[in-house]
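Worth knowing before you read on, the calculation uses all heavy atoms, side chains too, and leaves out hydrogens, waters and symmetry mates. Fair warning: this is a prediction, and the values are worked out from it, not measured in the lab.
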Amino acid sequence: LEILTLGYLRILRGGKPIESMRSRKAQAMLVYLACTSKSHSREVLADLFWSESSQTRAMSNLRDVIHTLRTHLKPFVDITRYSIALNPKAEVWIDVAELEAALASIREEGETITAASANRIEKALALYQKDFLEGFYVRSARGFEEWMVIERERIRLTTLDALVSLVKHYAKESNY
């Protein structure tokens with residue numbers, strides 16, 4: 001399973017888009033589970049995606065989304081009576097996690113960027129096609145929308161820091 005979030009959302013299984021999963025809330029929940037990399041209680045997810053609804057209605061809507069996730073992504077999600085998470089044993093690749101992991105490993109090397117580090121930064125930054133979930137909107141999901149805006153800004157700032165480091169490296173090397 002591949003989840004491409006840097007730009008317009010695309011969810012691919014075996015390299016092909018999962019076009020039959022049309023529910024925006026199911027797509028958003030999958031992204032949220034993938035980006036947070038942890039299990040979430042059903043109550044928290046219901047509040048995140050249906051904060052404007054009564055708890056009874058929110059839980060009913062959540063059951064519909066869970067059914068959609070089970071139908072289209074059964075081996076990739078762990079759904080219990082109390083919580084939902086991505087299956088940690090399933091092969092799931094998400095571009096934003098790849099970008100952040102690459103940039104974090106480079107930050108650990110320190111202030112001095114080597115030619116090899118610069119090359120890795122360039123490859124990592126190539127994943128950043130556009131802003132996180134650009135153009136993606138989920139109706140009546142204020143909690144998710146707030147999380148998405150914060151993530152978008154955090155990812156943008158991390159990427160800009162990497163670009164600044166790369167520019168400084170190339171300027172120091174007189175490689176314009």
Heavy-atom closest contact (Phe136 atom, Ala28 atom, distance) | CE2-CB, 3.8 Å
When you measure from the side chain of Arg42 to the backbone N and O of Leu62, does any donor-acceptor pair fall under 3.5 Å?
-> no
Rounded distance [0.5 Å steps], CD1 in Ile18 versus CG in Leu1 | 5.5 Å
Determine yes or no for a side-chain-to-main-chain donor-acceptor pair under 3.5 angstrom, with Ser60 supplying the side chain and Thr56 the backbone.
-> no
Yes or no on side-chain contact (heavy atoms from CB on, under 4.5 Å) for Met148 and Phe132, after CA distance, side-chain angles and deciding distance?
-> CA-CA 8 Å; Met148 183 176 68; Phe132 179 71; 4.2 Å; yes
Rounded to the nearest 0.5 Å, what's the gap from CD1 on Ile94 to CG on Leu30? Could you check?
-> 7.5 Å
Test salt bridge (charged side-chain N to carboxylate O under 4.0 Å, His left out) applied to Arg156 and Glu153, step by step | CA-CA 5 Å; Arg156 183 184 297 139; Glu153 188 63 19; 2.6 Å; yes
With no hydrogens and no angle check, do the side chains of Thr68 and Thr71 hold a donor and an acceptor under 3.5 Å apart?
-> no
Just how far is it from atom OG1 of Thr158 to atom CG of Leu125, taken to the nearest 0.5 Å?
-> 10.5 Å
Check whether Ile155 and Leu163 end up in the same hydrophobic cluster, where Ile, Leu, Val, Met, Phe, Trp and Tyr are linked by side-chain heavy atoms less than 4.5 Å apart.
-> yes
For the side chain of Gln27 and the backbone of Met21, is there at least one donor-acceptor N/O pair under 3.5 Å apart?
-> yes
Assess whether side-chain hydrogen bond (donor to acceptor under 3.5 Å, both in side chains) is satisfied between Ser83 and Ser39, documenting all intermediate values.
-> CA-CA 6 Å; Ser83 65; Ser39 179; 3.2 Å; yes
Work out which heavy atom in Gly143 is nearest to a heavy atom in Ser51; give both atom names and the distance.
-> N-OG, 4.4 Å
For the side chain of His169 and the backbone of Ile113, is there at least one donor-acceptor N/O pair under 3.5 Å apart?
-> yes
When rounded to the nearest 0.5 angstrom, what is the spacing between NZ in Lys123 and CG in Asn119?
-> 5.0 Å
Derivation and outcome, salt bridge (charged side-chain N to carboxylate O under 4.0 Å, His left out), residues Glu100 and Arg154 | CA-CA 11 Å; Glu100 290 184 313; Arg154 186 185 63 73; 2.4 Å; yes
State, yes or no, whether a side-chain contact exists between Tyr176 and Tyr170 at a heavy-atom distance under 4.5 Å.
-> no
Using the side-chain contact (heavy atoms from CB on, under 4.5 Å) rule, take Arg139 and Arg24 through it: C-alpha gap first, then chi angles, then the decisive distance, then the call.
-> CA-CA 8 Å; Arg139 190 167 32 99; Arg24 286 286 198 155; over 6 Å; no
For the side chain of Arg13 and the backbone of Glu2, is there at least one donor-acceptor N/O pair under 3.5 Å apart?
-> no
Across all chains, not counting sequence neighbours, the side chain to side chain donor-acceptor pair (under 3.5 Å) partners of Arg57 are Asn61
Taking atom CD of Gln55 as the centre, does the number of heavy atoms from other residues, nucleotides or ligands within less than 6.0 Å exceed 12?
-> no
Using atom types as modelled and distance alone, determine if a side-chain donor or acceptor of Asn87 lies under 3.5 Å from a backbone N or O of Asp78.
-> no
Any donor-acceptor N/O pair, Asp95 side chain to Thr5 backbone, under 3.5 Å | yes
Transitively linked via ILVMFWY side-chain contacts under 4.5 Å: Val138 with Val149?
-> no
Ser20 versus His72, side-chain donor and acceptor atoms under 3.5 Å = yes
Looking at Leu6 and Gln129, what are the two nearest heavy atoms and their distance?
-> O-CB, 3.6 Å
Closest non-hydrogen atom pair, Ala162 against Ile121 = O-CG2, 4.1 Å
Shared hydrophobic cluster, Ile11 / Tyr137 (ILVMFWY, side-chain heavy atoms < 4.5 Å) = no
Is a side-chain N or O of Lys25 found less than 3.5 angstrom from the main chain of Phe49, in a donor-acceptor match?
-> yes
Taking every non-hydrogen atom, the tightest pair across Ile3 and Ala34 | CD1-CB, 3.8 Å
Checking Ser165 side chain against Asp161 main chain: does a donor-acceptor pair fall under 3.5 Å?
-> yes
Please check if Leu12 and Val31 belong to a single hydrophobic cluster, counting links between Ile, Leu, Val, Met, Phe, Trp and Tyr side chain heavy atoms closer than 4.5 Å.
-> yes
So, does Glu98 use its side chain to make a donor-acceptor pair with the main chain of Trp93 at under 3.5 Å?
-> no
In this structure, OH of Tyr8 is separated from NZ of Lys130 (nearest 0.5 Å) by 3.5 Å
Minimum heavy-atom separation for Leu69 to Ala26, with atom names?
-> CD2-O, 3.7 Å
To the nearest 0.5 angstrom, please state how far the OH atom of Tyr128 sits from the CG atom of Leu160.
-> 7.0 Å
